[in-house]
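Only this structure's heavy atoms are used, side chains among them; waters, hydrogens and symmetry mates stay out. Naming: A, B, ... by sequence-line order, numbering from 1 per chain.
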There are 2 protein chains.
Amino acid sequence: MSSEHMQIGEVGARTELALRTIRHYEATGLVAPSACSQGGFRLYTREDVARLKAIRRMQPLDFTLEQMRDLLAVTDRLDSDEEMTAYERQSLLRRVREYEEHAVWQVEKLRAQLAEAEEFAQTLRKRLSRDRDRDRDRGRDRNRDRDRDRATTS
Amino acid sequence: MSSEHMQIGEVGARTELALRTIRHYEATGLVAPSACSQGGFRLYTREDVARLKAIRRMQPLDFTLEQMRDLLAVTDRLDSDEEMTAYERQSLLRRVREYEEHAVWQVEKLRAQLAEAEEFAQTLRKRLSRDRDRDRDRGRDRNRDRDRDRATTS
DNA sequence: CGCTACCGTGACGTCGAGGTAAAGTATGTG
DNA sequence: CACATACTTTACCTCGACGTCACGGTAGCG
């Protein structure tokens, strides 16, 4: 809980990522803790946390960890104020463009999935009301059961 | 291509599932072919295909295969006209309700993911236009590069 | 010093999906 | 009938993204 660094538990709490996942991301080269205690504890800054949150936001886009690593590297490079050849800039921008395209069509896919999912949930709901009706028809003489049903449904 | 049965290739084409996946589903108890040639080829009916399509629709809801197997079994049982105790009906309906709840909150999650994904795509788009502008500012003397950029962006 | 909560590594498991290989089956043609 | 070749079968392997388990080290407090 130092003002500068926090250890992995805190980071997990803030990002809502499993500690295992955070370590895994490090192993895959996505986010390395900015520091390390002399005892070997990972120490993270708020920036590290922000990076992890960014990764979290990418997840639904169905990027592989490798792609995210690449994209992060690319944007880091673009954000850096170091010298860069025009050629390098072009190629970095092209990569961003590719990822953006992937993202767009992944958004499409998500939209479609959402529609299907809603439809399916609707189907389930219909089943429930239909079967509840059938149940009422068959079970006029079993009021206890119907009451239990009502209780768990409301 | 008999009028009644088709073999796995046909089924794959109709459901857009990989043959491997169809077999996998069978191995996990999700859908068994209704028949079998004397040589051991799987033979499916249109109903089997419908079942597979239903499974496909469930996928975005993030059910495990086991849960789908269970849900299919439950609805099969409910659809069957066999005798059933009130207790069994209640317990089946309760399970459907649980799945429906899962589905609802999964739909929520999808919606949230979609929002985050769109936001991220938007961020990427902004990056692109911003960096394109910066590129224009720095590279007035390199028209070829700018033209290439325009070409791949439109 | 010892306590407890937290953290480290490493090996292995899981889950859904799919690849690959070697062998068997269905079917049309000469 | 023999043969080609298209499709299938099973068994096993790979992969990504974690989860789980075991076991030991560390931080920091009284």
*Of all the choices, D:dT10, C:dG8, D:dC18, which nucleotide is nearest to the side chain of B:Arg42 once you look at every atom?*
D:dT10
*Contact nearer the 5' end of DNA chain D, comparing A:His24 with A:Phe41*: A:His24
*Start at the 5' end of DNA chain C and walk down; is the nucleotide closest to B:Ser37 or to B:Leu65 reached first?*
B:Leu65
_On DNA chain C, does the nearest nucleotide to A:Gly39 precede the nearest nucleotide to B:Arg23 from the 5' side, or the other way round? Give the residue._
A:Gly39
_Backbone N/O of A:Ser34 and side chain of A:His5: donor-acceptor pair under 3.5 Å_ = no
*Nearest 0.5 Å, what's the OH-CE distance between A:Tyr99 and A:Met58?*
9.5 Å
_Heavy atoms only, 4.0 Å cut-off, all strands: where does A:Thr28 land among base, sugar-phosphate and nothing?_
nothing
*asked:* Applying a 4.0 Å non-hydrogen cut-off, can you work out what B:Phe63 is touching in the nucleic acid: base, sugar-phosphate, or nothing?
replied: nothing
*Between the side chain of A:Glu118 and the main-chain N/O of A:Ala115, is any donor-acceptor distance below 3.5 Å?*
no
_If the cut-off is 4.0 Å, is B:Gln38 near the phosphate of C:dA26, judged by side-chain N/O to OP1 or OP2?_
yes
*Starting at atom CD1 of B:Ile22, determine the distance to atom C1' of C:dG16, rounded to an integer number of angstrom.*
15 Å
*Ignoring hydrogens and angles, does a donor from either the side chain of A:Arg20 or the base of D:dT20 sit under 3.5 Å from an acceptor on the other?*
yes
_Under a plain distance cut-off of 3.5 Å, with no hydrogens placed, do B:Arg125 and B:Gln122 share a side-chain donor-acceptor pair?_
yes
*Any side-chain N or O of A:Tyr25 less than 4.0 Å from the OP1 or OP2 oxygen of D:dC18?*
yes
*Base, sugar-phosphate alone, or nothing: which one does A:Gln59 contact when heavy atoms must sit under 4.0 Å apart?*
sugar-phosphate
*With a 4.0 Å cut-off on heavy atoms, is B:Thr64 in touch with a base, just the backbone sugar-phosphate, or nothing at all?*
sugar-phosphate
*Enclosure of B:Glu88 CD (heavy-atom neighbours >12, cutoff 6.0 Å)*: yes
*Can you tell me the distance, in whole Å, between the CG atom of B:Leu30 and the P atom of C:dG16?*
9 Å
*Considering only C:dT9, D:dG19, D:dT9, which nucleotide approaches the side chain of A:Thr21 most closely?*
D:dG19
